[in-house]
*Asks:* 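Sharing a structure here in structure tokens format.
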2 protein chains.
Amino acid sequence: MGRAGDSVLGFAILGLLAEASLSGYDVKLRMAEPVGFFWRASHSQIYPELAKLEAGGMVVHKAVPQSGKPDKKVYEITADGLLAVREWVSLPARLGPTRDEATLKAYLSWLGERGEMAEMFRELGRKHEGQLEKYEETERWMLREWGEPEEFGARRFANYAALRRGIGFEREYAEWCRWVAEKLEGR
Amino acid sequence: MGRAGDSVLGFAILGLLAEASLSGYDVKLRMAEPVGFFWRASHSQIYPELAKLEAGGMVVHKAVPQSGKPDKKVYEITADGLLAVREWVSLPARLGPTRDEATLKAYLSWLGERGEMAEMFRELGRKHEGQLEKYEETERWMLREWGEPEEFGARRFANYAALRRGIGFEREYAEWCRWVAEKLEGR
DNA sequence: GTAAACATGTAACAAGTTACATGATTGC
DNA sequence: GCAATCATGTAACTTGTTACATGTTTAC
């Protein structure tokens, strides 16, 4: 208990560093865009976590001077760190501690004004649909560039698998929102 | 900012108290079973939250002596509290801060041993399928007891809407798990 | 006798968010 | 001149988890 790289965030970072050495800022960027879709973290969590990982011997860093810009700290995963992620990744995933504000609002929808509630769910549905469209665009790109999913290597498949989850999630969510809105509107 | 009943948990509790006055223990029970499916909270969060809500004038309590058992504190929602939930419920729901360990593991699946990863996703899929079956059983009960969803009153519909979300979520999740496992097994 | 349910709390800790803090460079 | 990007941190606060703490009654 309390070991470095014990937290999910720690493993997420180790996973990124298993592919390439990165500065804290680079980690931040990756945590924003692809990883952030399923595990969000801001730089104020990332920098301390990198320090913790280093204290635990999971990563090491070297300062890289840059012309003009401040020095970069480039983090590299250690053998221990690589072993730790490799073990962690196939361990049973804990089921997310289900917390969904919109479902709670649906459950309490009888307290609100029907029309207002319907509009809220319509709008929420539009947001999820928008995200779905972005994911689907990415999927089309992958299939175009990488070919058949069956032929993907392990790395590309891993990418694609996460995307498929995003697509399924957003599609289901958007549909549910539309259904709730429709019912609330009394059709 | 920092007003009582500001947190989602506070509103969840107010929502429960809008239907009936309850003791902290009763709130705990409801937070475990129906509400816990989409907003989990343990008693160590609930008791202090009730105190905060009371300090903010959202609820009041009276001690109810019981034969043998220790006194109950029965909480009742105030006019202010009711107004606050009613307003909150149709306000835009924040999108959950997407954190899903299993999707992260899928994204990092290239780091693990194929067979082990596949088994992990199989097992996870079984868990979600199990939950799905429970929800579907509940749905059958509702339809049997309450008739057509179109005829539900606002309260019953609210219940049903949350359940529909659970069903959609678990079904999609289970399907995705099976798909990931299958692909990892190399079929 | 013993475990589960009833009943209510606090303490210590971990995780996550928002704001504070600084400073250079690049593109408009 | 001004915003965005690069680059790294800390502080204050909120949320959530796990463990500690206590005591009765009821059903097996």
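Each chain gets a letter, A, B and so on, in the order the sequences are listed, and its residues count up from 1.
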*Asks:* If only side-chain N and O atoms of A/Tyr25 are considered, is one of them under 4.0 Å from the OP1 or OP2 phosphate oxygen of D/dT8?
*Replies:* no
*Asks:* Do the two ring centres, one from B/Phe169 and one from A/Trp176, sit under 6.0 Å apart?
*Replies:* no
*Asks:* Should B/Lys28 be listed as having a side-chain N or O under 4.0 Å from OP1 or OP2 of C/dT8?
*Replies:* no
*Asks:* By nearest atom, which of the nucleotides C/dT18, D/dC6, D/dG9 is closest to the A/His43 side chain?
*Replies:* D/dG9
*Asks:* With DNA chain C as reference, determine whether B/Pro48 or B/Arg99 sits nearer its 5' end, using the nearest nucleotide of each.
*Replies:* B/Pro48
*Asks:* Once you round it to whole Å, what is the distance between P of D/dG9 and NZ of A/Lys52?
*Replies:* 15 Å
*Asks:* In this structure, how many angstroms lie between the P atom of D/dT17 and the CG atom of B/Leu9, rounded?
*Replies:* 10 Å
*Asks:* Take the protein atom CD1 of A/Ile46 and the nucleotide atom P of C/dA15, then report the distance between them rounded to whole Å.
*Replies:* 15 Å
*Asks:* As a test of reading the structure: which of C/dT17, D/dT8, D/dT17 is closest to the side chain of A/Ser42, going by heavy atoms?
*Replies:* C/dT17
*Asks:* Which residue pairs satisfy the ring pair (Phe, Tyr, Trp, His ring centres under 6.0 Å) criterion with at least one member in residues 90-120 of chain B, sequence neighbours excluded?
*Replies:* A/Phe38-B/Tyr107
*Asks:* Could B/Arg165 and A/Tyr173 be counted as a cation-pi pair, given that NZ or CZ must be under 6.0 Å from the ring centre and within 45° of the axis?
*Replies:* yes
*Asks:* Could you give the OH-to-C1' distance, from A/Tyr47 to D/dA7, as a whole number of Å?
*Replies:* 5 Å
*Asks:* If you find the nucleotide of DNA chain C closest to B/Ser23 and the one closest to A/Arg40, which residue's nucleotide is nearer the 5' end?
*Replies:* B/Ser23
*Asks:* Rounded to the nearest 0.5 Å, what separation is found between the CE atom of B/Met58 and the CG atom of B/Asp6?
*Replies:* 8.0 Å
*Asks:* Which nucleotide in the set C/dC6, C/dA11, C/dA7 lies at the smallest distance from any side-chain heavy atom of B/Ser44?
*Replies:* C/dA11
*Asks:* Quickly work out the B/Gln45 CD to D/dA19 C1' distance and round it to whole Å.
*Replies:* 15 Å
*Asks:* Could you tell me, to 10°, how much the axis swings from one end of the helix from C/dG1-D/dC28 to C/dC28-D/dG1 to the other, five pairs per end?
*Replies:* 40°
*Asks:* My understanding is that only one of B/Glu136, B/Glu129, B/His128, B/Gln131 makes a side-chain hydrogen bond (donor to acceptor under 3.5 Å, both in side chains) with B/Arg171; could you say which?
*Replies:* B/Glu136
*Asks:* In this structure, how many angstroms lie between the C1' atom of D/dA7 and the CG atom of A/Leu22, rounded?
*Replies:* 14 Å
*Asks:* Measure from CZ on A/Arg30 to C1' on D/dT5 and round the result to the nearest Å.
*Replies:* 15 Å
*Asks:* Given the side-chain rings of B/Phe157 and A/Trp179, with only the six-membered ring counted for Trp, is the space between their centroids under 6.0 Å?
*Replies:* yes
*Asks:* Expressed as a whole number of angstroms, how long is the span from A/Glu49:CD to C/dG16:P?
*Replies:* 9 Å
*Asks:* Has A/Ser21 got a side-chain atom pairing as donor or acceptor with A/Leu17's backbone, closer than 3.5 angstrom?
*Replies:* no
